[in-house]
Amino acid sequence: LAQPKGRPAALQRLRGVPPQASAGSRPAVQAGRGRPGGARGMAPGEGSGTVPKGGNRSTSTKTVELKIMGGTDTMQLPTMICTRVSEVRELLAERLLLEPESVSFYYKAGTYVRQQLDFQEIQAKTLVKGIRSFKPEAHSWPHPIGIIGSGYNGIKTGISYLKDGNSNIVLFDRNERVGGYCWITGANKTSKLQTEFGSFHVWWGPDIYDSGKCGGYPNCNTGGSWNIWPGKQEILKHFQYAAEEFGLLPHIRFQCNISALDVVGAKDAESRYYNLTVDSLTGGETSNVACSVLFNYPGSLTKNRIIDYPGEEAFEGEIRYGMNDDTPYEKLKGTDVAILGNGAFAVENARTCIESGTSKVYIVTRRKNLASPRIPCWFVHQGPVPTPGAFVLRMFEPMYELCGMGDPWKYWSVHTNAERTNVNIIQNSRFGIGDVTFLMVAWGRLEFVEDTLKRCSRHTLHLTGGRKLTGVTVILKALGLLGDFAVDNLHGMTEIVGNFCAGDWRRVLSIDATGMNAANFSTFSTGIGTTGFVAMYKFLYDFPREFYKIQGMGLMSQLPRHKADAKLDKPAYLTDVKFAMSSSIIIEAMCPKIGFLTQRFGEYKYTMYHSAHGLDRTLEVCRGEWDKYQAEWREQGFEHEYVPYPYTRERMEGYFKSWGELMKIPLSADGPPKPAG
């Protein structure tokens with residue numbers, strides 16, 4: 001935990017920061033008015049003449065050596081002569097995240113060891129009893145930490161515990177390998193990562209980087225180990241690699257299903273645990289596993305939204321769902337395809353169709369959603385602080401104008417002022433990210449049709465607005481996905497409180513929340529959000545005293561609640577991005593220590609991105625694929641004048657300069673300065 005601005009200097013020293021002695025420097029611990037000076041700090045203008053309640057106290061300083069009783073660890077603590085035992089007790093409790101009453105202080109008086117009382121001045125050489133280290137020690141739960149799912153979130157959670165030396169974990173997964181539903185089942189054989197590998201790799205984060213595992217920053221440069229935009233098999237390979245590097249695989253029970261969960265023990269008892277009934281999916285025996293804490297990762301949306309349209313039986317073509325390799329790849333060449341829906345997966349299916357030889361793709365959608373070119377996505381991910389939405393839209397403009405996609409500011413999801421200086425983007429799906437979407441529009445091979453399907457006839461879609469799409473032989477439905485009420489039933493809940501199942505703080509659940517609601521953008525991807533989520537809840541489980549504090553402050557009454565709605569086929573756990581953001585913001589506001597866990601993210605992402613795949617490398621790959629598509633289409637007999645790639649080094653340098661002036665943070669197109677030598 002790093003030291004925040006405005007916190008007492010004594011806490012900074014207790015956190016391992018050496019004192020900076022200088023003329024006029026103030027002592028580390030200031031005498032308080034009936035409470036520890038370290039907890040209160042020194043207000044501007046306070047000085048040696050301050051007379052606290054109870055009389056004058058000396059402002060001379062001394063250094064106290066704290067030593068763990070029966071151990072060898074020591075700490076040098078600059079204090080005032082008059083600093084009391086109670087003040088040091090409070091400081092240590094704050095630093096070590098424990099109850100003040102659990103620590104006691106002693107000193108040697110000849111051959112005797114005497115206890116120091118709270119009102120006494122702290123001795124220059126003090127023995128500390130009740131701790132084993134001057135670093136915070138994680139709580140040890142009676143039973144393992146349970147993690148349901150070994151997809152992205154489950155792997156991230158597991159390796160975070162192993163990185164910190166806690167191997168008392170157990171993961172459960174229906175599959176026979178790591179990767180989760182999204183990439184093992186949901187993704188089709190042509191699926192690619194839409195965001196860059198730097199933002200997605202599962203070992204994302206400064207703490208994991210410090211561990212030295214997985215080779216540090218991923219190398220997506222020429223001759224490197226990974227592609228910037230890898231496909232399905234490479235993504236699965238990277239999950240396996242991380243699991244092996246951290247020794248996670250022995251902790252996973254594959255090909256099993258948790259069919260029942262029983263809560264055993266009183267609601268507030270530390271000894272309470274969850275008795276899981278674990279069924280083998282390979283014919284083995286059913287077993288029971290006790291867990292003290294549960295991380296739940298149900299995979300969010302796993303079922304296609306089924307909608308049947310009038311006349312489908314007369315269509316005389318293929319009508320499929322664009323997931324789980326249901327797409328008829330062998331029948332796409334030379335056809336016209338209609339995709340119903342406009343989420344990120346609909347855009348992904350359009351690319352799949354064109355790469356499979358489809359002549360023309362229609363995306364039929366009630367309202368056209370914003371899509372993102374690759375370079376603005378990359379720019380947001382390398383930024384050390386969130387990029388304003390207005391800046392993001394300005395980066396969209398060159399691609400939208402070049403390819404005839406309209407004015408991004410006029411899309412239905414964009415809410416802005418007349419000057420276009422502030423913007424909030426609210427839509428029901430994430431950005432579909434990819435340059436080829438725009439290139440297909442520019443070449444006339446993709447058309448967005450803002451309408452709804454009324455009925456079908458032979459090779460024809462009759463739209464509500466009166467238009468007919470003729471010559472279509474394949475329909476792919478990408479109408480959204482539904483949650484699974486089995487998740488609610490497992491937890492016996494009809495409501496989720498924040499991320500807590502049925503309001504139980506030791507059962508936390510996370511999904512890839514639906515939609516978008518943002519004025520500033522830190523990421524379009526999973527890495528940052530998942531890393532922050534795991535850090536937050538792992539911290540609360542490692543140091544439950546911190547949770548009990550905010551619980552006593554009324555946390556549960558502040559958190560948003562979401563109830564199941566059977567009529568809308570929406571389970572309680574299926575929440576949107578606004579709900580998820582609100583939950584995190586509330587907890588962090590009530591427990592500021594959590595904010596320290598992520599304060600290195602900005603510097604890390606800026607440094608990592610320019611190492612993993614810097615601007616020149618990213619532009620090289622983007623331009624290369626852009627030109628390759630056009631060359632292939634000409635070879636296939638399609639004719640169109642060459643469309644130049646809109647993002648250049650010169651244009652990007654302008655964006656970096658403008659961003660730095662706007663945010664008052666210097667930012668270089670080449671990343672941070674390279675270390676000498």
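Index from 1, following the sequence.
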Let me confirm one number: the SG-NZ distance from Cys353 to Lys333, rounded to the nearest 0.5 Å. 15.0 Å
Any idea which heavy atoms bring Pro373 and Ile433 closest together, and the distance? O-CG2, 4.1 Å
Between Gln427 and Tyr411, do the side chains contain an N or O donor and an N or O acceptor separated by less than 3.5 Å? no
Taking CD in Glu176 as the centre, count heavy atoms belonging to other residues, nucleotides or ligands within less than 6.0 Å. Is the count above 12? no
Flag, side chain of Lys156 to backbone of Phe533, donor-acceptor distance under 3.5 Å: no
For Asn153 and Thr530, does a side-chain donor sit closer than 3.5 Å to a side-chain acceptor? yes
Distance under 6.0 Å and angle within 45° of ring axis: Lys237 vs Trp226: yes
Does any donor atom in the side chain of Glu196 or His381 lie under 3.5 Å from an acceptor atom in the other side chain? yes
Please identify each residue that fulfils side-chain contact (heavy atoms from CB on, under 4.5 Å) with Arg467, with sequence neighbours left out. Tyr362, Glu447, Val449, Leu463, Leu469
So for atom NZ, which belongs to Lys232, do other residues, nucleotides or ligands contribute more than 12 heavy atoms lying within a distance under 6.0 Å? yes
Member of Tyr645, Trp626, Tyr400 meeting the ring pair (Phe, Tyr, Trp, His ring centres under 6.0 Å) criterion with Phe438: Tyr400
Answer yes if the ring centres of Phe396 and Phe431 are under 6.0 angstrom apart, and no otherwise. yes
Exercise: identify the closest heavy-atom pair between Asn221 and Gly614: OD1-N, 4.4 Å
Output, in order, the C-alpha distance, side-chain angles, deciding distance and verdict of salt bridge (Lys or Arg N to Asp or Glu O under 4.0 Å) for Lys213 and Glu245. CA-CA 6 Å; Lys213 298 284 190 180; Glu245 278 280 293; 5.8 Å; no
Would you find a donor on one side and an acceptor on the other, under 3.5 Å apart, between the side chain of His201 and the backbone of Gly198? yes
Between Tyr309 and Ile307, does the side chain to side chain contact (heavy atoms under 4.5 Å, CB included) criterion hold? Intermediate values first, please. CA-CA 7 Å; Tyr309 294 92; Ile307 298 179; 3.7 Å; yes
Between Trp183 and Tyr152, does the ring centre distance come in under 6.0 Å? no
Consider only side-chain N and O atoms of Asn296 and Tyr573, and report whether a donor and an acceptor are under 3.5 Å apart. no
Glu348 and Arg351: salt bridge (Lys or Arg N to Asp or Glu O under 4.0 Å), yes or no, with the steps? CA-CA 5 Å; Glu348 177 77 359; Arg351 176 190 62 79; 2.6 Å; yes
Counting only heavy atoms not in Glu641 (residues, nucleotides, ligands), do more than 12 fall under 6.0 Å from its CD? no
Distance col, row Lys163:NZ vs Trp203:CH2, nearest 0.5 angstrom, shows 16.0 Å
Output yes when a side-chain donor or acceptor of Thr618 lies under 3.5 Å from a complementary backbone atom of His613, and no otherwise. yes
Which residues pass the side-chain hydrogen bond (donor to acceptor under 3.5 Å, both in side chains) test with Ser583, not counting sequence neighbours? none
Donor-acceptor check, side chain of Tyr609 to backbone of Ser199, threshold 3.5 angstrom: yes or no? yes
If you count every heavy atom of other residues, nucleotides or ligands that lies below 6.0 Å from Arg174 atom CZ, does the total exceed 12? no
Roughly how far, to the nearest 0.5 Å, is OG of Ser150 from CD1 of Ile252? 4.5 Å
Say whether, by atom type as modelled, one donor and one acceptor occur between the side chain of Thr460 and the main chain of Arg458 under 3.5 angstrom. yes
Closest non-hydrogen atom pair between Ile235 and His238, with its separation: O-ND1, 2.8 Å
Verify side chain to side chain contact (heavy atoms under 4.5 Å, CB included) between Arg374 and Glu625, making sure each step is shown before the conclusion. CA-CA 12 Å; Arg374 280 177 165 179; Glu625 292 190 9; 2.9 Å; yes
His562 to Pro571 - nearest heavy-atom pair and separation: CE1-O, 3.4 Å
All heavy atoms of Gly154 vs all of Leu171, minimum pair found to be O-CD2, 3.6 Å
Residue pair Tyr629, Asp435: steps toward the side chain to side chain contact (heavy atoms under 4.5 Å, CB included) verdict: CA-CA 10 Å; Tyr629 276 119; Asp435 293 337; over 6 Å; no
Output yes when a side-chain donor or acceptor of Thr473 lies under 3.5 Å from a complementary backbone atom of Gly317, and no otherwise. no
Glu312, CD: over 12 other non-hydrogen atoms inside 6.0 angstrom: yes
Within this structure, what is the NE2-CG distance for the pair His491 and Leu509, rounded to the nearest 0.5 Å? 6.0 Å
Keeping Thr523 on the side-chain end and Ser525 on the backbone end, is there a donor-acceptor pair under 3.5 Å? yes
What one should report as the nearest heavy-atom pair of Asn257 and Leu281 is CB-CD2, 4.0 Å
Would a distance-only check, ignoring hydrogens and angles, find a side-chain to backbone donor-acceptor pair under 3.5 Å from Thr327 to Tyr329? no
Any side-chain donor near an acceptor of the partner, Thr190 and Asn188, under 3.5 Å: yes
Counting distance only, does the side-chain N/O of Arg617 pair as donor-acceptor with the main-chain N or O of Cys220 below 3.5 Å? yes
Hey, what do you get for OH (Tyr321) to CD1 (Ile475), rounding to the nearest 0.5 Å? 10.5 Å
With a cut-off of 6.0 Å (strictly less than), are more than 12 heavy atoms of other residues, nucleotides or ligands near NZ of Lys368? yes
Working note: Asp627 + Tyr642, criterion side chain to side chain donor-acceptor pair (under 3.5 Å); need CA distance, chi angles, decisive distance, verdict. CA-CA 9 Å; Asp627 291 345; Tyr642 174 74; 2.7 Å; yes
At what distance, to the nearest 0.5 angstrom, does CG of Leu490 lie from SG of Cys501? 8.5 Å
Determine whether Leu393 and Ile425 make a side-chain contact, defined as any pair of heavy atoms from C-beta on separated by less than 4.5 Å. yes
Centroid-centroid under 6.0 Å between His251 and Tyr161 rings: no
Assess whether side chain to side chain donor-acceptor pair (under 3.5 Å) is satisfied between Tyr297 and Thr157, documenting all intermediate values. CA-CA 10 Å; Tyr297 301 121; Thr157 306; 2.6 Å; yes
Tell me, which pairs form a ring pair (Phe, Tyr, Trp, His ring centres under 6.0 Å) where one or both residues lie in residues 441-489, sequence neighbours left out? Trp443-Trp633, Trp443-His640
Arg367 vs Asn342, side chain to side chain contact (heavy atoms under 4.5 Å, CB included): CA-CA, chis, key distance, verdict: CA-CA 8 Å; Arg367 295 183 295 190; Asn342 189 203; over 6 Å; no
So, Lys605 side chain and Val380 main chain: donor-acceptor pair closer than 3.5 Å or not? yes
Do Ser359 and Asp336 get their side chains close enough for a donor-acceptor pair, meaning under 3.5 Å? no
Is atom CZ of Arg634 surrounded by more than 12 heavy atoms (other residues, nucleotides or ligands) closer than 6.0 Å? yes
